[in-house]
Asks: 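Please see the structure below; I have some questions.
By convention in this document, chain letters (A, B, ...) are assigned in the order of the sequence lines, proteins followed by strands, and residues within each chain are numbered from 1.
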Protein chains: 2
Amino acid sequence: MSRKAEIADLDTGELTLARPRATLVEVAADKLRELILLEKLPAGAQISERDLASALGISRTPLTRALTILEQDGLIEYSVTRRPQVANPPFEEIAQNLVVMGALEALAGELACTRITDAEIARVAGYQQQMEAGEGTLSPLESFQLDMQMHEAIVAASGNAPLIDTHRKYNARLWRARFQSSQRRAGRDQTLAEHRAIIAALSQRDPVATAIALRRHLASAVTNIRNVFQDAGTARSPNPDTETPA
Amino acid sequence: MSRKAEIADLDTGELTLARPRATLVEVAADKLRELILLEKLPAGAQISERDLASALGISRTPLTRALTILEQDGLIEYSVTRRPQVANPPFEEIAQNLVVMGALEALAGELACTRITDAEIARVAGYQQQMEAGEGTLSPLESFQLDMQMHEAIVAASGNAPLIDTHRKYNARLWRARFQSSQRRAGRDQTLAEHRAIIAALSQRDPVATAIALRRHLASAVTNIRNVFQDAGTARSPNPDTETPA
DNA sequence: ATCGGAATTTTGGAATGCCAAAATTCCGAA
DNA sequence: TTCGGAATTTTGGCATTCCAAAATTCCGAT
C-alpha cells in the first residue's frame, strides 16, 4: 500500500524531474542575465544593490549572491570601492575572449565529429537553412538567435560537459558584442559562407577541417566586431558612462 | 599642509597599490580553496555552513558567497537539497576537463609564441631544469609545484587575460587529481620528456609545434590519471563518502 | 530485532538591521 | 563664481534572526 502511494506521488509530484524549487538567487541571476543582454541594464551601468533588489522584489541577500555569480561569468564587475556595475569591456578584451571562444568551439567541433549523430547534424544544418531562407524576412534578433543556436548545437554535440559550460559563459560575455555585430549588413554573406564550410566539414565528420572552419569563423567575428567598435568610437565618446535605472 | 598630509598618507597607507582591504568573502574563498586542495576538506565531504563559518570565524553571510564562488569554480557542488559538498568528480569528468585544459594550454602556447620574451622562456625552462636537477631530492609536492608553475608561466605568457583566468579555474578543479598522478613514479620520465619538447618548441617560437606538444602532454595526463583511478578503484570502493570535519 | 511514522533537530534560504566607508550635498571663505 | 572641507546621505559588508524543508532521532507496533 505504501509502495503504491509512493509511486503515485512520484507520478504526480513534479512534472519535471525532481527539481528542488528554484531559489531567489537563481531566479535573480537569470533575470539579471536577461536584463543585461537586453540592455535594460546597459553596459557600464552602476548598480545599487538596494534599488535593484527592490526592483526585483527580493532582499539584498539573494541579489548579492546572484551578482557574485554574474561576476564569475564576467557580466558584472566590482569597482575598487566594491560598487557593482555592468561590465563594459573594451574591444581588446572582447577580442581576447573571442580568441578563447574560437579555441573552445574548435575543440567542440573536433570532439563532435567523433560522436555527432545524423540527427544532430541535421539540426545544425537546419538552423543554417532557416537563416539562409529567411534572409530578408527574419528580424535581426531572430537571425542572430538562429546563429547562436547553431553554435550551441555544435558545442552540445561535443558531449563534453565542462566545455559546454565554459562555452556558455563566454557566450554570455560576448552576446552583446556579437549581436551588435550581426546587425550590420557587411560581412553577412561571409558569415553564411563560413557556416556552410563548418557544416560541410561536420557532415564529413572531419575533425581537423571542422576545427579550422570554426576558428576561422570566430576570427572573422573579431574583424566584424572591431568594425562595430570603430564606428561607435567615431560616432561618440568611446566609454560613455550610463546611469543606473530605477 | 593638507597636501603634504595626503602625500604622506599615500606613502604610508598601503604598501601594495590601492587595494580596498580584502573582504571576508575573498579571504574565505582563498582559505576554502586551500582547505580543499590540501584535502583538509576531503572530496565528497558534506559541508555544514554553520560549522564551517564558525571554524573560519565568520558568519554564514560571507561564507555563503564564498561557497558560491567556489561552486562556479567547480570545487563545490550543491546536492538536490541544497547542501554544499566538496566536488568529487568521477574519472570521466576529470578526463573531460583535461581535454578542455589541453585545448586551453595549446592555445596559450600558440599565443605565447608570438610575444614571449627570452626572459620568460628562461623562466619556463628554469622550472623544468629545477625539476630535472632535483629528481631525487625534491619532495613530491615541490616537484609538482614546479610543474604547475611551468604551465602557469606558459599560460601567463599568452597575455590573454580571459584565457589565464579560465585556465586558473580548470587548474583548481584538476589540482588534486594531477597531484595524485604526479606522485606515482610511472610516467615521470615521460613527463620530463614532454616538458622538454614543449620548451624546445616554445624556444623556437613555433606555435604549431608548441600547441601540439602541450596537447600531447595533457593527453598523457589523462592516461596517468586514469591509472590512479583504476588503482584506487581496485583498492577500495570507488566513491567512499567522507564526513564533514569539525 | 525490524520497521514505519511521528517528534525533534539540523539545515540552508532569505529578510533585516547596523556599521564603516564612500559618495554626495551643502555652505562659507576667498 | 570657485573652491575646500564639513555635514549628510548612500553604499556595500556583515551579523543576526526567523522560517520552511530536510535530516535525524525516537518510540511503539509487529
Asks: Please give, in whole Å, the distance from D/dG12 P to A/Q46 CD?
Replies: 9 Å

Asks: Write down the distance between CZ (B/R65) and C1' (D/dG12), rounded to a whole number of angstrom.
Replies: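 One finds 8 Å between C1' of D/dG12 and CZ of B/R65, rounded.
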
Asks: Does B/T81 put a side-chain nitrogen or oxygen below 4.0 Å from OP1 or OP2 of C/dG12?
Replies: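 No.
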
Asks: Could B/E34 and B/K31 be called an ion pair, given the rule that one side-chain N must be under 4.0 Å from one carboxylate O?
Replies: yes

Asks: D/dT11 P sits how many Å from A/L63 CG, rounded?
Replies: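 It is 13 Å, rounded to the nearest whole Å.
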
Asks: Give a yes-or-no answer on whether the side chains of A/T68 and A/E71 include a donor-acceptor pair shorter than 3.5 Å.
Replies: no

Asks: Between P on D/dG13 and CD1 on B/I69, what's the gap in Å once rounded to a whole number?
Replies: 11 Å

Asks: Kindly check if the number of other-residue, nucleotide or ligand heavy atoms within 6.0 Å of CZ (B/R33) is above 12?
Replies: yes

Asks: Does A/T23 put a side-chain nitrogen or oxygen below 4.0 Å from OP1 or OP2 of C/dG13?
Replies: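 Checking A/T23 against C/dG13: no side-chain N or O falls below 4.0 Å of OP1 or OP2.
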
Asks: Assign each of B/R83 and B/T61 to its nearest nucleotide of DNA chain D by heavy atoms, then name whichever residue's nucleotide is nearer the 5' end.
Replies: B/T61

Asks: Nearest nucleotide by nearest heavy atom, which residue falls closer to the 5' end of DNA chain C, B/P84 or A/G57?
Replies: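 Between the two, 5'-proximity favours B/P84.
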
Asks: Using atom CD1 of A/I47 as one end and atom P of C/dA23 as the other, report the distance to the nearest whole Å.
Replies: 16 Å

Asks: According to the interplanar angle, ranging from 0 to 90°, do the rings of B/H151 and B/H217 count as parallel (below 30°), tilted (30 to 60°) or perpendicular (above 60°)?
Replies: parallel

Asks: Determine, step by step, whether A/L111 and A/L107 satisfy the side-chain contact (heavy atoms from CB on, under 4.5 Å) criterion, reporting the C-alpha distance in whole Å, the side-chain angles of both residues, the deciding distance to 0.1 Å, and the verdict.
Replies: CA-CA 6 Å; A/L111 294 175; A/L107 173 63; 4.0 Å; yes

Asks: Separation of A/Y78 atom OH from D/dG13 atom C1', in whole Å?
Replies: 11 Å

Asks: Could you tell me whether the side chain of A/R60 has a donor or acceptor atom within less than 3.5 Å of a complementary atom in the base of D/dG13?
Replies: yes

Asks: Could you tell me how far apart B/R50 (CZ) and D/dT16 (P) are, to the nearest whole angstrom?
Replies: 12 Å

Asks: Look at the side chain of A/S59 and the base of C/dA14, then say whether one donor and one acceptor between them are separated by less than 3.5 Å.
Replies: no

Asks: Please give, in whole Å, the distance from C/dT10 P to B/D51 CG?
Replies: 10 Å

